[in-house]
Amino acid sequence: MSARRLRHGALLLLAAVYSLFPIYFITVQSLKTPHEDVFGSPLWLADPDFENYTALFEGAEARVRGFVIIPRVPFLAWLANSALVLVGSLALTLGAAVPAAYALGRLRPPGWRACRRVLFASYAVPQTILFIPLYQVIVRLGLDDSHAALVLIYSMMALPFCVWILSAYYRHLPREIEESALVEGATPVRAFLRVVLPMSRNVLVAAALFTLGTVGNDFMLASIFLLDPEKQTVAAGLGVMDVSLEELVAVAGVNLAAIPVVAVCALFARTYVRGLTAAMLEGA
Amino acid sequence: MAQVMMKDLNKKYDEVHAVKDVNLHIRDKEFVVLVGPSGCGKSTTLRMVAGLEEITSGEITIGDRIVNDLPPKDRDIAMVFQNYALYPHMTVYDNMAFGLKMRKFPKPEIQKRVQDAAEILGIQELLKRKPRQLSGGQRQRVAVGRAIVRHPQVFLFDEPLSNLDAKLRVQMRVELKRLHDRLETTAVYVTHDQVEAMTLGDRVVVMKDGWIQQVGEPLDLYSRPANKFVAGFIGSPAMNFIDVSLSDAGGLWAEGQGLRVKVAPAHATRLSAYKGQKVTLGLRPEDLRVASGGDPAEYTIDAVVDVVEPLGSEILLDLRAGQTTLVARVEPAVRAKVHETIKFALVPDRARFFDTKTELAI
Amino acid sequence: MAPAGALVLGILAYPVAWEIWASLTDFSSRAEGGPVFVGLANYGRLLGDTWFWKALATTLGYLAVTTTAKLVLGVGMALLLARPSRLRALVFLAVFLPWAYPGGITVIAWYWMLNPPLITSYSVFMGNVKHAVDGVLGAGAWAFLSVMLFNVWRGGSFTAVFLLAGLNAIPTELFEYARLESRSAWQRFRAVTLPLLAPYMALAVFLSFTTAFADLGNVWMLTGGRIIFPVVGTYAYWLAVKSGQLAEAATWTLALVPLLALGLVVLFRWFDPHEETPA
């Protein structure tokens, strides 16, 4: 029994190391002085140096280093933009997903299953490949070079999954829950807002984190739709930096931007799993 | 066929001591029921026998093998779970054949055993269905069938009837009893329902807080409970308890909470040591009846009727007597009205006395 | 329902329609005059193009390999995390991290780490790896492989957490019963765990496809088209952006849709079965 437990522990550690190593590795690189970057070991740090990180904040103006002109790095602006896009996407995704899921899962109009499937089938269209006509849509809507474009597209990408899990959850929620609220004199809307919505908190968190993951995973669309450096998100901004051969600064930026995201995810990780579980009970 | 022995069995979780020094000898072919309120350690005990929980200390023997270190699959047991644990992706047939297939039984043998079990349980027509398509009672039968096909040495039942509605529960209870008479396999059965325990068990084990309170045949538990807990747990409605002190005034008298009754001579010798002390008097509702003129006054209690619950075959009366409340179970012919004061006679020999401090029967 | 439907289908409808239209013309940003309707000529050409078949094979291979790897890792880690242990909470967070780490930018870091553009302490080592891999699989293989590794690393994390949630949704008695009845852990895994998890795995597989494309797109964009391995998606960009052959690009793009749709139909059977009515 204890041998098995030991093996289990070892495998757990292995999973942790496997998951963390790449992050550790890039963090180590980002903390290196140029000298150590070339002559040190790639696996550990002798002399941590935060220059790559401070550069993100100093670089508000273009500057010259050696023969290279280092472009402006309005990192704080990028962070703010990312946050804006994220908040917008979350609001739009959840705002659209909740009523849709409730309608599909609870009211179950004829053909609700087909509706849900069609919605989900939109994943069969590789959105990232559609960017040329997508760009036309965005221009037609007058949203080019605007954060709203990304908000729309990200929401579109996250929605089907969110609708799926929320409707699965609502489908199996006992009807008595709203009925008792209705009997107590609440209007259907109030019953939904005060009873059903709080009960689905975990599933909402799961949907929100999935949206966060979707938004966080994109680089390409952001770099296509946002051209003005001041308007770019962190991903788009850092992505273009490779041209300047400043990849370690870019890596530092990745880490900095990741900190709040990771903090939020760590905080809600358990709830995320609980939410998914709640949606999966009694079949997906 | 096998006996099951538990010796000084203990189970400790991080903070909870769930099972404490359990010693139990379940004889070959015996049907033993573990009963108690939730959290009393009965399920944990069963799961240790099954091998689903590690044993913290002590020893379990099935047949003549110590099974502490045997994985569940090698213990030659079959278990029926509360939620049936049927596999949704398999047909009834495949569910029933699962254990045999895993053990690589030859196909004709599997087929024969499943057919036989299905016949015993009357579920031949369901073999091709999926569990989803079955009613609660049918699922229950499949779960039992799945245990039967294995011809195990011991059946383990973990609250198998608690998901069924009342009527079906009574029906399945009878079927399980019949099944046990037919198969004669040792069975350990866990339930929180004392009626189930009393009707099914050859012997009943009452547990509380991880301790065994009493082991005995159902009627023994009823008539000679070892302590106040067992007395209150077995029997429905529960036994009435009255805190009294014993005094000597021409025989032994129990007095307290505004009531005063004489102690039957049969109990007097045992109780004489408690003279002047506090004890708990236990009266079963069925041992209180409406007094007639011939009843001796020293064995009667005056009570006011609070609530009348006519059940048809009997009437339950919730009573106020002195500063306490009592329940009496009386003939359906009794016409009692609320607020009416009635004189009740008790059956003196059947009164129980418990040490108020230790709660043990005197 | 309406707003969500409008959002998803509305935004997608025009691009899809446009792609279909474009694929039926000779639309090109370089051509003189407007696009001319050419019917299915583009598709005909596509099917006769050995380059397309090669790209399709690469794409399917990419999807198959990354998805399998993600499933294997995901199931493994989910099973590890499902068992109680003191380490569990911490390891769970660690496993969650690759997915939580914003992928769109991590892939940048990842790519440059595995393909260091400058001289760093390990660039010789990485250079050797690159030459070894490219030597066997062809030029550009290492860059491609590094994207696959990233996709598996991040997607495996998502799959693990997703399947862990799935495991939690399955009543524990089902696993306990299996422990009583089966002879080996492997038997148990095959007869019980795998079929019970299958619907969730199917869902995870489909989500895995979408990120697989997204990651490729990210890196392709990031490196200015340095993913030179022929993949249907990236080659479509190439045609569209670099050489303006929009009609061909559309044809390439759409060629994938029937395959993905077919996959979806198969997967629906797993994760969205019509419930049988109880007797």
Side-chain angles (χ1 to χ4, degrees), chain A residues 8-9 11-12 15-16 19-20 22-23 25-26 37-42 96-97 100 103 117 119 121-126 128-130 132-134 137 152 155-156 159 163 213 216-220 223 234-235 238-239 247 250-251 254 257-258 261-262 265-266 269 273 276-277 280-281 284, chain C residues 1 3-4 7-8 11-12 14-16 18-19 77 80 83 85 87 91 93-106 108-109 112-113 119-122 153 157 161 164-166 168-169 199-200 203 206 210 213-214 217-218 221-222 233 236 240 253 256-257 260-261 264 268 271:
Chain A
H8 183 228
L11 284 171
L12 275 176
S19 300
L20 294 180
I23 296 172
F25 188 77
I26 60 173
D37 189 28
V38 178
F39 299 106
S41 159
R117 286 186 170 192
L119 211 54
S122 71
Y123 279 140
V125 185
T128 42
I129 303 179
L130 290 177
I132 297 168
L134 212 50
V137 174
L152 271 180
S155 301
M156 172 194 82
L159 251 175
V163 170
N217 195 33
D218 175 66
F219 153 73
M220 191 184 80
S223 67
V234 175
L238 292 176
E247 96 276 3
V251 171
V254 169
V261 178
V262 165
C265 285
V273 173
L276 287 180
T277 302
M280 288 169 174
L281 279 174
Chain C
M1 181 58 215
L7 191 59
V8 173
I11 292 185
L12 271 183
Y14 176 77
V16 172
W18 185 88
E19 292 275 350
M77 292 196 286
L80 274 180
R83 211 176 319 154
S85 151
L87 286 170
V91 175
L93 279 183
V95 168
F96 195 63
L97 208 54
W99 182 73
Y101 227 75
I105 42 185
T106 317
I108 303 168
W112 290 126
M113 285 304 136
I119 306 293
T120 68
S121 46
Y122 63 95
W153 178 67
S157 154
V161 174
L164 179 64
N168 289 346
Y200 312 121
L203 202 55
F206 203 74
T210 64
F213 280 115
N218 282 341
M221 201 67 200
L222 166 78
T253 305
L256 272 183
V257 173
L260 282 168
L264 190 62
F268 268 143
F271 65 74

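The chains referred to below are lettered A, B, ... by the order of the sequence lines, with proteins before strands, and numbering in each begins at 1.
Pairing each heavy atom of C:Met77 with each of A:Ser19, the nearest pair is SD-OG, 4.4 Å. In terms of heavy-atom proximity, C:Ser85 sits nearest to A:His8 at CB-CE1, 3.7 Å.
For chain C, the option among A:Ala266, A:Ala15, A:Pro22, A:Ala257 with the highest count of heavy-atom pairs below 4.5 Å is A:Pro22. Listed options C:Pro98, C:Ser157, C:Ala261 were ranked by heavy-atom pairs under 4.5 angstrom with chain A; first place goes to C:Pro98. For the set A:Leu12, A:Leu276, A:Val261, the count of heavy-atom pairs under 4.5 angstrom toward chain C peaks at A:Leu12.
A donor-acceptor pair under 3.5 Å is formed between the side chain of A:Thr277 and the backbone N or O of C:Ala165.
Contacts between C:Trp153 and chain A at a heavy-atom distance below 4.5 Å involve backbone atoms as well as side-chain atoms. Only the side chain of C:Leu93 has a heavy atom closer than 4.5 Å to any heavy atom of chain A.
Remark: A:Leu20 engages C:Ala94, C:Leu97 in a side chain to side chain contact (heavy atoms under 4.5 Å, CB included) (not counting sequence neighbours). In terms of the side chain to side chain contact (heavy atoms under 4.5 Å, CB included) criterion, residue partners of A:Ala258 (sequence neighbours excluded) are, by chain and number, A:Val262, C:Tyr101, C:Pro102.
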